[in-house]
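For reference, positions follow the sequence shown, starting with 1.
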Amino acid sequence: MAENPLLTRHSEALDLFTERVHAIRPDQWDDPTPCTEWTVRDLVNHLAVEQMWVPPLVREGASVGDQSDALEGDLLGDDPVATWDVVATAARDAFREPGALDRMVDLSYGESPATHYCAQMTADAAVHAWDLARAIGADERIPKPLVDFSVREVAPYAADLEESGLFAAPVEPPAGADAQARLLALLGREP
């Protein structure tokens, strides 16, 4: 049976972010990132908490409101790399369960198909992998299939992302920019 393309991209995005998390040196956790006012630890925590949301939303039909108090603050603990590995695996497994992508999930803005939720999580992990790479001096390349997927995912609602407060305003990409640079510019990053 052929692999679901969405699940393939999701796994690739988690793997990319995981590679970056494993490359963080002990002295880099307090370093700044391209995400305004976030340190490396804040960025990894943000992605880790996002992964923590997946199992209760996808498996249990919980709502964001049900989980909001339990999933606030810094949840990385004393071993942030190990925490990331556990929560990334749990999120990947939840989306891969039979029928998971056929479900609806209750997000902060209302009910949404699990496929849309997985696609958003995929694009977010891919772009934040770039943020983390930039912050720690790692390889900043995002694989082309993930770039193309992320552009298709975020382009329709990119203008709304700035209003959410989670992304900066889009910036003009440099002349002759490649697809990755255009994606990053769309999300307020200067490649």
Side-chain angles (χ1 to χ4, degrees), residues 4-14 16-17 33-39 41-76 83-84 87-132 142 145-171 182-189:
N4 178 308
L6 174 57
L7 293 176
T8 298
R9 295 292 88 79
H10 180 255
S11 283
E12 290 168 354
L14 286 179
L16 184 65
F17 196 81
T33 70
C35 300
T36 307
E37 302 195 19
W38 274 359
T39 64
R41 185 176 178 98
D42 295 332
L43 175 60
V44 174
N45 184 68
H46 166 70
L47 262 287
V49 169
E50 282 193 345
Q51 305 321 304
M52 291 175 193
W53 285 97
V54 175
L57 294 177
V58 173
R59 284 187 179 136
E60 301 160 22
S63 71
V64 169
D66 295 338
Q67 300 293 312
S68 61
D69 291 340
L71 296 176
E72 286 190 5
D74 185 332
L75 302 179
L76 291 177
T83 298
W84 167 257
V87 300
T89 297
R92 184 187 325 248
D93 291 349
F95 277 127
R96 289 181 168 275
E97 286 179 0
L101 293 180
D102 298 327
R103 298 178 186 137
M104 297 294 287
V105 292
D106 189 2
L107 304 174
S108 59
Y109 53 84
E111 276 204 340
S112 179
T115 53
H116 293 166
Y117 178 42
C118 186
Q120 291 168 3
M121 295 286 285
T122 301
D124 198 50
V127 172
H128 282 316
W130 179 87
D131 293 327
L132 185 53
I142 303 170
L146 272 177
V147 169
D148 294 344
F149 175 90
S150 298
V151 167
R152 284 191 308 274
E153 172 58 27
V154 301
Y157 56 83
D160 298 331
L161 292 175
E162 179 188 2
E163 293 173 19
S164 74
L166 298 175
F167 291 89
V171 297
R182 290 192 305 275
L183 168 66
L184 296 170
L186 185 65
L187 296 173
R189 287 147 172 87

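Ring-plane geometry between His128 and Trp38 is classed as tilted, the angle between the planes lying from 30 to 60 degrees on a 0 to 90 degree scale.
Within the 4.5 Å cutoff, the side chain of Pro34 has heavy atoms near those of the Trp130 side chain. Put simply, the side chain of Asp124 reaches to within 4.5 Å of the side chain of Leu47, judged on heavy atoms. Two residues are said to be in side-chain contact when any heavy atoms from C-beta on lie closer than 4.5 Å; Leu75 and Thr83 fail this criterion. Counting heavy atoms from C-beta on, the side chains of Pro113 and Met104 come closer than 4.5 Å. The side-chain heavy atoms of Leu7 and Leu101, taken from C-beta on, include a pair separated by under 4.5 Å. When side chains are defined from C-beta on, Val58 does not count as touching Glu97, because their heavy atoms never get closer than 4.5 Å.
The minimum heavy-atom distance linking Leu57 with Val105 is given by the pair O-CG1, 3.7 Å. Contact detail for Ala48 and Leu76: the closest heavy-atom pair is CB-CD2, 3.7 Å.
With sequence neighbours left out, the salt bridge (Lys or Arg N to Asp or Glu O under 4.0 Å) criterion links Arg152 to no other residue. Glu12 meets the side-chain hydrogen bond (donor to acceptor under 3.5 Å, both in side chains) test with Arg9; sequence neighbours excluded.
Separation of atoms CZ (Arg41) and CG (Leu43) is listed at 12.5 Å; rounding is to 0.5 Å.
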